[in-house]
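Quick caveat, the model's predicted, so the values are computed rather than measured. Note: hydrogens, waters and symmetry copies are ignored here, and every other heavy atom, side chains too, is used. Below, chains carry the letters A, B, ... as their sequence lines are ordered, and counting in each starts from 1.
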Amino acid sequence: MSETSAGRKAPSRAVTISRPDKELWPDIPVTKQAYAEYLRSVSPNMLPWLRDRPLTMVRAPDGVTGERYFQKAAPTYAPAWVMTTRIPAPSAKRDVDYVVCQNLPTLTWLGNQAVLEFHSAPVRRDRLDRPDLMVMDIDPPEDQFEMAVEVAFLVLEVLHDLGLPSGIKTTGGKGLHIVAPIERRVDQSALRGAVASLTAIVVGRRPDLVTDAFRKVRREGRVMLDPSRNGTGATIVAPYSPRARDDATVSFPVTADELRSISPEDFTLRTVPVSLARPGPKRWSALVGERGRLPSRLLRSE
DNA sequence: GGGCCGA
DNA sequence: TCGGCCCAACGCAGA
DNA sequence: TCTGCG
Ligand SMILES: [Mn+2]
Ligand SMILES: [Mn+2]
């Protein structure tokens, strides 16, 4: 029996997978047991992007063909060793105790809870009003991944000019995320302003291809650069998170060089562990330790 | 998925 | 003891 | 305040 240095009993973090043969992604198929193994295999790469961040979950206890729902509050029956952090939710007039996934036992426990999607906040729990990630969310019109790729190159060019390090990942859907870790120097409204300026620069270069139009009708077949994934209340699907879709796609880090030769469907619960095991790109392992500083030029402009 | 409640 | 019921989100911008 | 959107 393990003990803390204070001599009290440490709680056991053993997780039993209930109904291990139940199929969560029947088309592949992926059982609950196989899902737990997936999570374990990606955990060294995935956990750093979940750690200290309030987590929003998409659960589907009967698998992707069954009912699915968002869940923000930790279940009341969660074990004591699952970390939570309390955040007021003004619109719901209550406080929400978010799960904060700090370690593999928690990740496995969430997998057993049929959490099929992990959406983490671009802020860490000790400074909720100071985002540490800037997110460029690239949303192409229906089934137009190639357009998202073209916009990604434009965004990367602007980020490069600003001296900001960043990583690219598929979302598991048709879009892309470009994430730039930043020093926690500015509050969320200043960050939103910076994202708006950055978006305006990209739209200015290719107004035929990119828009920041919020209403779908106004997008007129263009790619939307969606600034709303920034700030305290925002969430972004985590790298290595699966999607609750029939084809079991995964949000997967890719390099700029790979962009023109890949398809989001290439990266699934089946292929990603194999990909990671092979020598190759670091898949955001190195990005964890990098941080850029938003240039004042971007913060001043409207 | 799992707590809860009534039969 | 067991089957069924019930619950499980929110922030934000624009109109 | 309500709706669209993610
Ligand atoms: Mn998106
Ligand atoms: Mn059920």
Between [options], spot the one nearest the side chain of [X], thanks.
| X | options | result |
| --- | --- | --- |
| Asp226(A) | dG11(C), dC10(C), dG6(D) | dG6(D) |
| Ala89(A) | dA8(C), dC10(C), dC5(D) | dC10(C) |
| Pro61(A) | dG1(B), dG11(C), dG4(D) | dG1(B) |
| Ser91(A) | dG2(B), dG11(C), dA15(C) | dG11(C) |
| Lys216(A) | dG2(B), dA8(C), dG6(D) | dG6(D) |

From [atom1] of [X] over to [atom2] of [N], roughly how many Å is that when rounded to an integer?
| X | N | atom1 | atom2 | answer |
| --- | --- | --- | --- | --- |
| Arg218(A) | dT3(D) | CZ | P | 22 Å |
| Arg19(A) | dG1(B) | CZ | C1' | 10 Å |
| Ile236(A) | dC10(C) | CD1 | C1' | 14 Å |
| Phe214(A) | dG6(D) | CZ | P | 8 Å |
| Tyr98(A) | dA9(C) | OH | P | 9 Å |
| Glu23(A) | dG1(B) | CD | P | 13 Å |
| Leu110(A) | dA8(C) | CG | C1' | 14 Å |
| Arg219(A) | dG14(C) | CZ | C1' | 13 Å |

**Asked** Does a side chain donor of either Ser18(A) or Asn112(A) reach within less than 3.5 Å of an acceptor in the other side chain?
**Response** yes
**Side-chain donor-acceptor pair present, Gln113(A), Tyr77(A), cut-off under 3.5 Å** = yes
**Asked** Taking atom P in both dC4(B) and dA8(C), what distance in whole Å separates the two?
**Response** 14 Å
**Gap in Å between the two P atoms, one belonging to dC5(D) and one to dA9(C), rounded** = 23 Å
Using a heavy-atom cut-off of 4.0 Å across all strands, would you classify [X] as base, sugar-phosphate, or nothing?
| X | result |
| --- | --- |
| Ala234(A) | nothing |
| Pro75(A) | nothing |
| Lys93(A) | nothing |
| Thr235(A) | nothing |

**Request:** Determine whether Thr108(A) and Arg40(A) make a side-chain contact, defined as any pair of heavy atoms from C-beta on separated by less than 4.5 Å.
**Result:** no
**Prompt:** Quick one: does Thr171(A)'s side chain get under 4.5 Å of Arg243(A)'s, heavy atoms only?
**Reply:** yes
[X] vs [N]: side-chain N/O to OP1/OP2 distance below 4.0 Å:
| X | N | result |
| --- | --- | --- |
| Gln113(A) | dG2(B) | yes |
| Gln188(A) | dC12(C) | yes |
| Ser228(A) | dA13(C) | no |
| Arg192(A) | dC12(C) | yes |
| Arg229(A) | dC12(C) | no |
| Arg215(A) | dA13(C) | no |
| Asn112(A) | dG2(B) | yes |
| Lys72(A) | dG11(C) | no |

**Thr232(A) vs Phe70(A), nearer the 5' end of DNA chain C by closest nucleotide** = Phe70(A)
**Asked** Should Thr31(A) and Gln33(A) be marked as a side-chain hydrogen bond (donor to acceptor under 3.5 Å, both in side chains) after you check the CA-CA gap, both sets of side-chain angles, and the distance that decides it?
**Response** CA-CA 5 Å; Thr31(A) 63; Gln33(A) 185 62 51; over 6 Å; no
**Asked** Under the criterion ring pair (Phe, Tyr, Trp, His ring centres under 6.0 Å), which of Trp284(A), Phe118(A), Tyr240(A) is the partner of Trp49(A)?
**Response** Trp284(A)
**Item:** Trace of the salt bridge (charged side-chain N to carboxylate O under 4.0 Å, His left out) decision for Glu183(A) with Arg291(A)
**Value:** CA-CA 6 Å; Glu183(A) 294 176 357; Arg291(A) 271 175 304 169; 5.7 Å; no
